Structures are given as C-alpha cells and as structure tokens.
**Student:** 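Sharing a structure, written as structure tokens. Questions coming.
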Amino acid sequence: MARRFDCSDLEQRTVGVMEAAAAVRRGELVVLPTDTVYGIGADAFTPAAVTALLDAKGRGREMPPPVLVGTVRAATALIDDLGPYGQDLIDAFWPGSLTLVCKANRALSWDLGETKGTVAVRMPLHPVALDLLKETGPMAVSSANRSGAPAATTAEEAQEQLGDSVEVYLDGGKTTDNTPSTILDLTTAVPRLLRRGAIPVEKLRGIIGYVATDD
C-alpha cells in the first residue's frame with residue numbers, strides 16, 4: 001500500500017525522504033514535489049523501474065522521461081557535450097525551471113526509452129526534491145499524472161491518478177506555480193526551443209543570444 005509523508009513536518013520529511021530513497025533503490029516509484037508540478041520518479045539506471053513509470057502514466061517508450069539531478073556535477077556526468085551554451089545556461093537558471101536536452105554520455109548503461117542518444121536534464125528548485133535527489137542520484141521523473149490528464153499540483157491529486165503504482169508520496173503542499181519547465185534543445189548548432197514554459201524565451205536570449213523557435 002502506498003505511503004504518504006507530510007513534508008511540512010520536519011520529522012515526517014526526514015523519514016519520508018529516507019523511505020522514498022530506499023524505494024527508488026529497490027526499483028519502485030515515488031512521487032515528489034518540484035518547483036513546477038508534482039513528479040513521478042524512478043531510478044534512471046533501472047530499466048524496469050523506468051518501464052514501470054511509463055506504464056503508470058500510460059505512456060509509451062517514444063516519450064522518454066526527463067532526468068532530474070540534485071547537483072550540477074551529477075548532470076555533467078550524464079552529458080557527452082554541453083556545447084558552447086550549456087554551462088552559461090546552467091549558471092543562469094539552475095536550480096530552476098529550465099530543462100536542457102543534450103547528447104547523452106554514451107558510456108552510461110541505462111534505457112530511458114527512445115531517446116535517440118539524447119537526455120533531457122534539469123535541476124529543480126525545490127528543497128524536498130533536492131534532498132531526495134542527493135540521496136538517490138539521477139532520477140527519471142515525469143509529471144505525476146496519467147497521460148492526457150491534468151498535471152498534479154498536490155500529492156493528493158497525484159495519488160488519485162496513480163494510486164498504488166507508487167510506493168511513496170512526498171507531500172510538499174500545493175505547488176506554487178504549475179507552469180511547466182522550459183525545454184531547450186542544445187544538440188544542434190543553434191539552440192532550439194522545444195517547449196515554452198516558466199523561463200521566457202527573452203531571458204534565454206539574454207544569456208546566449210539567438211534561440212530558434214517555431215514562430
């Protein structure tokens with residue numbers, strides 16, 4: 001049966017993070033608050049756990065989950081090349097609501113789905129998420145909802161949709177901003193916007209100059 005921990009209570013938060021980290025190490029799923037919406041997460045290096053995450057959402061391998069990290073160092077270990085702009089963007093917007101799509105480190109043994117050799121990485125600006133990620137290392141994390149349903153902004157909403165497919169729910173209260181992260185592709189010569197989100201394009205251009213969009 002799924003367990004939920006109230007992270008507004010320091011004792012519950014400490015126990016909850018430890019229990020969630022243990023669940024992730026066992027290959028189970030957890031729900032965690034982020035600075036955008038709630039996420040459903042699994043060990044990025046356990047293929048069966050990533051498959052369970054996609055199954056819980058009702059999503060196929062053609063939509064691989066992003067990877068959340070607790071430190072910049074953890075992110076750079078996953079990436080083959082940040083390119084000329086990646087470090088400046090990390091310095092400006094991490095931790096925060098910017099997801100960077102980069103070429104993945106080819107030496108890694110993992111299976112996130114049909115990634116075409118890339119990885120979408122983000123370091124979230126949320127204390128509970130960062131506490132958990134520092135215990136687990138990189139996690140595959142997608143929005144905590146069934147595919148096509150509204151993203152969960154509370155742990156209760158996530159549990160209503162995902163139920164006992166998740167072992168541990170970390171309840172950080174209602175998210176303050178349900179705007180998704182901005183997604184920027186750094187795998188081409190010119191950075192390309194893949195999804196508009198919490199970081200406006202104008203701010204990205206203020207750091208790196210030109211950003212290609214579909215407009």
Side-chain angles (χ1 to χ4, degrees), residues 1-4 19-70 74-75 77-79 97 99-106 108-124 126 128-129 132-133 135-170 175 178 180-185 187 194-195 197:
M1 178 178 288
R3 294 165 291 160
R4 195 159 98 199
E19 289 292 322
V24 170
R25 287 191 285 268
R26 292 193 300 268
E28 296 168 341
L29 305 180
V30 301
V31 159
L32 62 151
T34 78
D35 46 347
T36 55
V37 294
Y38 274 76
I40 177 174
D43 179 11
F45 295 98
T46 303
V50 176
T51 297
L53 184 157
L54 295 174
D55 289 345
K57 284 182 61 72
R59 176 177 287 185
R61 285 175 50 82
E62 72 281 359
M63 298 181 71
V67 175
L68 295 190
V69 294
L78 306 177
I79 295 168
S97 302
T99 298
L100 298 176
V101 177
C102 304
K103 293 178 181 177
N105 183 340
R106 287 167 289 184
L108 295 176
S109 177
W110 63 358
D111 183 5
L112 298 173
E114 296 172 13
T115 64
K116 300 178 181 177
T118 68
V119 60
V121 187
R122 184 166 84 88
M123 182 178 175
H126 193 289
V128 175
L132 178 59
L133 289 161
E135 291 291 332
T136 63
M139 288 178 62
V141 179
S142 185
S143 57
N145 58 283
R146 294 285 297 173
S147 189
T153 59
T154 66
E156 184 177 16
E157 289 174 1
Q159 194 163 6
E160 286 172 357
Q161 295 192 54
L162 301 170
D164 286 339
S165 64
V166 171
E167 180 68 18
V168 174
Y169 289 82
L170 297 178
T175 58
N178 61 1
S181 68
T182 300
I183 302 180
L184 190 66
D185 185 355
T187 65
L194 299 184
R195 182 177 73 188

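Note that the coordinates shown come from a computational prediction; the quantities given were computed from them, not determined experimentally.
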**Student:** Find out whether W110 and V50 are in side-chain contact, i.e. whether some heavy atom of one side chain is under 4.5 Å from a heavy atom of the other.
**Tutor:**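 Of all side-chain heavy-atom pairs linking V50 with W110, none is under 4.5 Å.
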**Student:** Quick check: closest heavy atoms across V168 and A23, and the distance to 0.1 Å?
**Tutor:**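 Nearest pair, atom of V168 first, then A23: CG2-CB, 4.3 Å.
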**Student:** Rounded to the nearest 0.5 Å, what separates atom CG in L108 from atom CD1 in I79?
**Tutor:**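 So the CG of L108 and the CD1 of I79 are separated by 10.0 Å.
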**Student:** Report yes if the side chains of L78 and N105 come closer than 4.5 Å at any heavy-atom pair, otherwise no.
**Tutor:** no
**Student:** So how far is it from E114 CD to M63 CE, rounded to the nearest 0.5 Å?
**Tutor:**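 Separation between the atoms: 11.5 Å.
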**Student:** When you compare the side chain of T36 with that of P180, does any pair of heavy atoms fall below 4.5 Å?
**Tutor:**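 A side-chain contact under 4.5 Å is absent here.
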**Student:** OG1 of T51 to CZ of R61: how many Å apart, nearest 0.5 Å?
**Tutor:**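 The OG1 atom of T51 sits 6.5 Å away from the CZ atom of R61.
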**Student:** What pair of heavy atoms forms the shortest contact from A144 to A152, and how long is it?
**Tutor:**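 Heavy atoms only, the tightest pair is O-CB, 3.3 Å.
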**Student:** How far does OH of Y169 sit from CG of L29, to the nearest 0.5 angstrom?
**Tutor:**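 So the OH of Y169 and the CG of L29 are separated by 9.0 Å.
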**Student:** To check you understand the geometry: which heavy-atom pair defines the closest contact between G113 and P64, and what is its length?
**Tutor:**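 It is CA-CB, 4.3 Å.
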**Student:** Name the one of L68, V69, V24 that satisfies side-chain contact (heavy atoms from CB on, under 4.5 Å) with L133?
**Tutor:** L68
**Student:** Heavy-atom distance under 4.5 Å between the side chains of V119 and T115, does that happen here?
**Tutor:**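 Contact flag for V119/T115 side chains = no.
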**Student:** Can you list every salt bridge (charged side-chain N to carboxylate O under 4.0 Å, His left out) pair that touches residues 19-34, not counting sequence neighbours?
**Tutor:**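 For residues 19-34, and leaving out neighbouring residues, the salt bridge (charged side-chain N to carboxylate O under 4.0 Å, His left out) pairs sorted by first residue read R3-E19, R26-E28.
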**Student:** Measure the OG-NZ distance between S165 and K57 for me, rounded to the nearest 0.5 Å.
**Tutor:**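 Rounded to the nearest 0.5 Å, the OG-NZ separation comes out at 10.5 Å.
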**Student:** For a 4.5 angstrom cut-off between non-hydrogen side-chain atoms, does V121 reach C102?
**Tutor:**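 No - every pair of side-chain heavy atoms lies 4.5 Å or more apart.
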**Student:** Please test V101 against T187 for side-chain contact (heavy atoms from CB on, under 4.5 Å), starting from the C-alpha separation and ending with a verdict.
**Tutor:** CA-CA 7 Å; V101 177; T187 65; 4.3 Å; yes
**Student:** So which heavy atom on G27 is nearest to which on T46, and how close?
**Tutor:**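 So the minimum-distance heavy-atom pair works out to CA-CG2, 4.5 Å.
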**Student:** Answer yes or no: is there a side-chain heavy-atom contact under 4.5 Å between R122 and D35?
**Tutor:**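 The answer is yes; the side chains approach within 4.5 Å.
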**Student:** Just by distance, do the side chain of T182 and the backbone of G197 share a donor-acceptor pair under 3.5 Å?
**Tutor:**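 Indeed, once roles are kept as given, a pair shorter than 3.5 Å links the two residues.
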**Student:** Show, in sequence, the C-alpha distance, side-chain angles and deciding distance for L132 and V30, and conclude whether the side-chain contact (heavy atoms from CB on, under 4.5 Å) test is met.
**Tutor:** CA-CA 10 Å; L132 178 59; V30 301; 4.2 Å; yes
**Student:** Which heavy-atom pair separates V141 from G41 by the least distance, and what is that distance?
**Tutor:** CG2-CA, 3.9 Å
**Student:** State whether the side chain of Q161 and the backbone N or O of P150 hold a donor-acceptor pair below 3.5 Å, judged by distance alone.
**Tutor:** yes
**Student:** Do the side chains of S181 and R195 get nearer than 4.5 Å, heavy atoms only?
**Tutor:**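 Counting from C-beta outward, R195 and S181 do come under 4.5 Å.
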**Student:** To the nearest 0.5 Å, tell me how far M123 CE sits from T34 OG1.
**Tutor:** 13.5 Å
**Student:** Would you indicate whether the side-chain heavy atoms of Y38 and N145 approach each other to under 4.5 Å?
**Tutor:** no
**Student:** Determine whether a donor-acceptor pair (N or O, by modelled atom type, separation under 3.5 Å) exists between the side chain of T154 and the backbone of E157.
**Tutor:**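 Flag set: sc T154 to bb E157 pair under 3.5 Å.
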**Student:** Give me the atom names and distance for the closest heavy-atom approach of A20 to L170.
**Tutor:**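 In terms of heavy atoms, the two residues are closest at CB-CD1, 4.0 Å.
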